[in-house]
There are 2 protein chains.
Amino acid sequence: MRISEVARRTGVSIRSLRYYEEKRLLCARRLENGYRDLDEGAIERVQTIQMYLGLGLTTEQIEEILGCTGFSPFPQPLPVCEEVLLALYQDKLQDVEHQMAVLTALHTRLTERIASLQRQLQAE
Amino acid sequence: MRISEVARRTGVSIRSLRYYEEKRLLCARRLENGYRDLDEGAIERVQTIQMYLGLGLTTEQIEEILGCTGFSPFPQPLPVCEEVLLALYQDKLQDVEHQMAVLTALHTRLTERIASLQRQLQAE
DNA sequence: CTTGACTATGACAGTGATGTCATAGTTTAT
DNA sequence: ATAAACTATGACATCACTGTCATAGTCAAG
């Protein structure tokens, strides 16, 4: 699918989509005419990117977490040996685990605040 | 207390503290010499601001919530603020939970991929 | 073929939070 | 009294994300 459809379906501007690709958050095959050819998975991927940005992560951090090199839903495994791939995956796994820890802390804080606010409102 | 003490105790730069005041997130009395005179509550307030910023809110949104409009020493109209806050937190919590789910899925895929690669390497 | 709707890239602007520097006034310690 | 350590403001820089514009190539419909 072409870029405007992704933009329409995600609500993200074409400009931003191209920027995400530039930052390697998003991979797009190219048609013969040079047009980007996005795949169905791009929709959810873009939504994921948006949510991360909303949570204050930078594109660099997002790229580390779901960068489109490696386990991305795109074919074209690089001509690289399994050992290197394995190391890459393990690296990413560490990143993911680190990020999960961050989110868990956030979750705890939010839950506490919500409970506290609800008690406070109930008491009135 | 003066600005550097707030900076020291919160870990937030003096520059940022002045910026928060400019954006009306923080109110500071002034001493006769023009120095800011922050009160004890500023510490927690600054930590709160930091948390909001960490959650991806802008100073403008934070200003709406913390409502430090002017130098009024009167208590805030709490109920409205708290309800808004609660909705906001709940929203954020949903985002965080969705992201944790995404990361968990990612984690699973990575783990599988790693195990598969390890089997593959072992077999050689 | 022409027109209009897409697409591409590149450059520049703008915003938000922060850093840094210049300049100047104030307090404190020696 | 002078130096060191604060403080103040204002200006400019930076970084990341996004908008917008200029210019040009592509495609489908009339």
Side-chain angles (χ1 to χ4, degrees), chain A residues 1-39 42-43 45-68 95 99 102 106, chain B residues 1-40 42-43 45-68 71 88 92 95 99:
Chain A
M1 108 189 59
R2 288 185 309 186
I3 198 170
S4 64
E5 184 175 347
V6 179
R8 187 180 49 73
R9 287 174 58 188
T10 60
V12 172
S13 75
I14 292 178
R15 173 68 177 85
S16 294
L17 294 176
R18 294 204 264 244
Y19 178 73
Y20 297 163
E21 189 194 40
E22 185 190 329
K23 293 302 178 179
R24 319 193 67 93
L25 305 184
L26 202 56
C27 299
R29 288 181 307 278
R30 294 304 181 115
L31 301 172
E32 288 181 359
N33 57 16
Y35 287 13
R36 286 174 183 78
D37 183 24
L38 283 295
D39 112 351
I43 301 295
R45 193 178 183 87
V46 168
Q47 290 165 343
T48 301
I49 293 168
Q50 281 281 293
M51 222 158 305
Y52 273 127
L53 288 175
L55 285 174
L57 304 196
T58 70
T59 48
E60 194 182 353
Q61 295 171 308
I62 300 173
E63 194 270 340
E64 284 167 14
I65 296 168
L66 45 92
C68 54
D95 289 342
Q99 197 51 38
V102 169
L106 217 62
Chain B
M1 105 190 61
R2 288 186 309 186
I3 197 170
S4 64
E5 185 176 347
V6 180
R8 187 181 48 74
R9 287 172 59 188
T10 59
V12 173
S13 75
I14 291 178
R15 173 67 177 85
S16 294
L17 293 176
R18 293 204 266 244
Y19 178 71
Y20 297 163
E21 189 193 41
E22 184 190 329
K23 292 301 179 180
R24 305 182 152 274
L25 305 184
L26 203 57
C27 299
R29 288 182 307 278
R30 295 302 182 118
L31 300 173
E32 289 181 357
N33 57 15
Y35 287 14
R36 286 174 183 78
D37 182 24
L38 283 294
D39 92 6
E40 191 64 31
I43 301 294
R45 193 176 181 87
V46 169
Q47 288 166 344
T48 302
I49 292 169
Q50 282 281 295
M51 181 174 104
Y52 287 151
L53 288 174
L55 287 177
L57 303 199
T58 69
T59 48
E60 194 184 350
Q61 295 171 306
I62 299 172
E63 192 269 339
E64 284 167 17
I65 293 167
L66 296 187
C68 175
F71 285 70
L88 206 126
K92 272 300 174 191
D95 283 354
Q99 275 323 291

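Throughout, protein chains are lettered first and strands after them, A, B, ... in sequence-line order, and every chain is numbered starting at 1.
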| query | DNA chain D: Y35(A) or R18(A), which has the more 5' nearest nucleotide? | reply | R18(A)
| Residue met sooner reading DNA chain D from 5', once I14(B) and S13(A) are mapped to nucleotides | I14(B)
Distance from [X] atom [atom1] to [Y] atom [atom2], nearest 0.5 Å?
X      : Y      : atom1 : atom2 : answer
L53(B) : L25(B) : CG    : CG    : 7.5 Å
I3(A)  : R8(A)  : CD1   : CZ    : 13.5 Å
E40(B) : E5(B)  : CD    : CD    : 7.5 Å

Interatomic distance where [atom1] belongs to [X] and [atom2] belongs to [N] [whole Å]:
X      : N       : atom1 : atom2 : answer
L53(B) : dC15(D) : CG    : P     : 20 Å
D37(B) : dC6(D)  : CG    : P     : 18 Å
L25(B) : dG16(C) : CG    : P     : 13 Å
E60(B) : dG14(C) : CD    : C1'   : 15 Å
L17(B) : dA17(C) : CG    : P     : 14 Å
K23(B) : dG16(C) : NZ    : P     : 6 Å
L31(B) : dT28(C) : CG    : P     : 11 Å
R30(B) : dG25(C) : CZ    : P     : 17 Å

Does the side chain of [X] get closer than 4.0 angstrom to OP1 or OP2 of [N] through an N or O atom?
X      : N       : result
R36(B) : dA8(D)  : yes
N33(A) : dC27(D) : yes
R15(A) : dT7(C)  : no
Q50(B) : dA17(C) : no
S16(A) : dG19(D) : yes

| query | Looking at residues 1-12 of chain B, who's got a heavy atom less than 4.0 Å off DNA chain D? | reply | R2(B), I3(B), S4(B)
| query | Between V12(A) and Q50(A), does a side-chain contact (heavy atoms from CB on, under 4.5 Å) hold up when you go through it step by step? | reply | CA-CA 8 Å; V12(A) 172; Q50(A) 281 281 293; 3.5 Å; yes
| request: Indicate yes or no: at least one non-hydrogen side-chain atom of R29(B) is less than 4.5 angstrom from one of R36(B). | output: no
| query | So do L26(B) and L38(B) actually touch side chain to side chain, heavy atoms under 4.5 Å? | reply | yes
| query | M1(B) and I43(B): side-chain contact (heavy atoms from CB on, under 4.5 Å), yes or no, with the steps? | reply | CA-CA 10 Å; M1(B) 105 190 61; I43(B) 301 294; 4.1 Å; yes
| said: Nearest to the side chain of Y19(B), heavy atoms from C-beta on, is which of dT18(C), dT26(C), dG19(D)? | reply: dT18(C)
| task | Ignoring the backbone of Y20(A), work out which of dT18(D), dG19(C), dA17(C) is nearest its side chain. | result | dT18(D)
